[in-house]
Structures are given as structure tokens and as C-alpha cells.
Amino acid sequence: MRTPRIPILKLKNCLLVSIQWELDDQTALQFQEDLLQKIHETGAYGVVIDLTSVDVIDSFIAKVIGDVISMSKLMGAKVVLTGIQPAVAITLIELGIQLEEVETALDLEKGLESLQQELGD
């Protein structure tokens with residue numbers, strides 16, 4: 001079975017990602033690879049990852065999201081997470097996933113505004 005790909009859209013110097021279904025391990029790894037490649041190709045300065053549709057998260061997916069944030073930062077792109085559901089927030093903290101320096105916002109629109117303010121757009 002083919003792994004579904006998460007769409008990554010470019011808007012100005014930012015990338016927008018809206019995860020619309022629960023992630024399995026294969027999709028999460030494919031997303032990580034796709035996003036890093038897209039940052040490299042476009043030279044994006046910022047990434048907004050919207051998790052509004054994600055209700056549950058396991059330790060592997062949480063680690064992949066943490067890794068994506070760290071790797072994006074290494075490539076010069078700031079990440080904003082938006083739409084974090086209460087259960088996901090609880091799981092991330094319980095698993096000890098470190099997201100101290102990660103900006104968060106209630107929704108995609110606020111996340112993009114925050115990122116553009118920070119990047120001076």
C-alpha cells in the first residue's frame with residue numbers, strides 16, 4: 001500500500017502543512033523527509049504545522065514531530081505548531097517531548113500571522 005503524502009503548500013517565504021488525518025509511522029517519516037526536502041528546495045524561512053485534525057499521538061509520532069522541528073531549525077526555518085488538541089498536548093508533555101522554544105498558536109491563521117510578524121513580513 002502506498003503511504004499517503006501530507007500536502008505542503010508554499011505561501012511567500014513560508015510552508016503551510018495541515019495534517020488532516022491520524023499519522024501512522026510510515027506517513028510521519030515520509031512527511032519528515034518531504035518537509036525537509038521542501039525547505040531545502042524553496043529556501044523557506046518558516047513552517048506552520050497545523051495539528052487541528054490530530055486527536056491522538058503516540059510516542060513515535062511525537063518524537064518525529066519533535067525531530068522535524070529540530071531539523072527544520074537546523075535548516076534555518078522557524079516552526080509554529082497550531083491547533084494542538086488537549087489530548088495531544090497532554091501526551092507530548094507526558095512523553096517528555098521538549099518543545100520549549102517552539103511557538104504555538106490556536107489556529108493556522110494565527111500561526112501564520114505570528115510567523116510573519118517574527119520573520120518581518
Side-chain angles (χ1 to χ4, degrees):
M1 188 176 103
R2 217 175 120 254
T3 302
R5 283 194 134 94
I6 295 169
I8 301 170
L9 308 173
K10 185 176 187 307
L11 180 65
K12 297 183 183 177
N13 60 355
C14 297
L15 298 176
L16 304 179
V17 182
S18 181
I19 299 174
Q20 295 295 315
W21 58 87
E22 300 303 324
L23 292 174
D24 59 51
D25 295 358
Q26 213 39 54
T27 305
L29 290 172
Q30 184 67 59
F31 162 64
Q32 177 177 291
E33 193 177 306
D34 290 349
L35 181 61
L36 296 176
Q37 186 61 40
K38 196 80 158 179
I39 291 170
H40 177 73
E41 286 170 9
T42 63
Y45 296 121
V47 178
V48 178
I49 300 174
D50 183 49
L51 300 171
T52 302
S53 298
V54 178
D55 294 326
V56 259
I57 194 167
D58 66 20
S59 58
F60 182 77
I61 304 299
K63 182 187 179 322
V64 170
I65 290 173
D67 289 350
V68 161
I69 293 164
S70 300
M71 291 172 190
S72 298
K73 203 181 299 184
L74 280 173
M75 294 181 73
K78 176 150 183 58
V79 177
V80 176
L81 289 179
T82 64
I84 297 174
Q85 300 297 324
V88 172
I90 290 166
T91 304
L92 288 171
I93 297 305
E94 285 177 349
L95 293 172
I97 303 296
Q98 301 296 312
L99 300 175
E100 294 102 8
E101 296 178 22
V102 177
E103 183 102 15
T104 59
L106 284 177
D107 59 34
L108 192 58
E109 186 178 1
K110 285 180 179 56
L112 189 57
E113 282 173 16
S114 166
L115 192 57
Q116 289 181 326
Q117 276 180 342
E118 193 162 323
L119 297 175
D121 263 0

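Each residue takes its place number in the sequence, starting with 1. Keep in mind it's a predicted model, so treat the numbers as computed, not measured.
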Stepwise side chain to side chain contact (heavy atoms under 4.5 Å, CB included) check, E103 with V79: CA-CA 7 Å; E103 183 102 15; V79 177; over 6 Å; no
From CA spacing to verdict: side chain to side chain contact (heavy atoms under 4.5 Å, CB included), L36, S72: CA-CA 7 Å; L36 296 176; S72 298; 4.2 Å; yes
Check against side chain to side chain contact (heavy atoms under 4.5 Å, CB included), E113 and Q117: CA-CA 6 Å; E113 282 173 16; Q117 276 180 342; 5.6 Å; no
I69/L81 under side chain to side chain contact (heavy atoms under 4.5 Å, CB included): CA gap, chis, key distance, verdict: CA-CA 9 Å; I69 293 164; L81 289 179; 3.9 Å; yes
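A heavy-atom distance below 4.5 Å is not found between the side chains of S114 and T82. Within the 4.5 Å cutoff, the side chain of L23 has no heavy atoms near those of the V64 side chain. Here the side chains of F60 and L29 are in contact, with some heavy-atom distance below 4.5 Å. Side-chain atoms of D58 and D25, non-hydrogen and from C-beta on, do get closer than 4.5 Å to each other. Counting only heavy atoms from C-beta outward, the side chains of L51 and I57 never approach each other to under 4.5 Å.
When all heavy atoms of I19 and S53 are compared, the closest pair comes out as O-CB, 3.4 Å. The two atoms that bring T52 and Q85 nearest to each other are O-NE2, 2.8 Å, heavy atoms only. Listed here is the closest heavy atom pair of A77 and A44: CB-O, 3.7 Å. Minimum heavy-atom separation, D50 to S18: OD2-OG, 3.5 Å.
Shown here is E22, whose CD atom has more than 12 heavy atoms of other residues, nucleotides or ligands within 6.0 Å.
Put simply, the residue from I93, L92, T91 that forms a side chain to side chain contact (heavy atoms under 4.5 Å, CB included) with L95 is T91.
Under the rule for a side chain to side chain contact (heavy atoms under 4.5 Å, CB included), the partners of L11 that lie at least two apart in sequence or sit in another chain are L16, L112. Applying the salt bridge (charged side-chain N to carboxylate O under 4.0 Å, His left out) test to D107 and every residue at least two apart in sequence or in another chain returns K110.
Atom-to-atom distance recorded for N13:CG and Q116:CD is 7.0 Å, nearest 0.5 angstrom. For the atom pair CG (L9) and NZ (K38), the distance works out to 8.0 Å, reported to the nearest 0.5 Å. Interatomic distance, I39 CD1 to I8 CD1, rounded to the nearest 0.5 Å: 8.0 Å.
Under the 4.5 Å side-chain heavy-atom criterion for ILVMFWY residues, no single connected hydrophobic cluster contains both I61 and V56. Residues W21 and I84 fall within the same hydrophobic cluster, defined by Ile, Leu, Val, Met, Phe, Trp and Tyr side chains chained together at heavy-atom separations under 4.5 Å. L106 and L108 are not part of a single hydrophobic cluster, where members link through side-chain heavy atoms under 4.5 Å apart.
Within the structure, salt bridge (Lys or Arg N to Asp or Glu O under 4.0 Å) contacts touching residues 64-92 (residues at least two apart or in different chains) are K63-D67, K73-E101, K78-E118.
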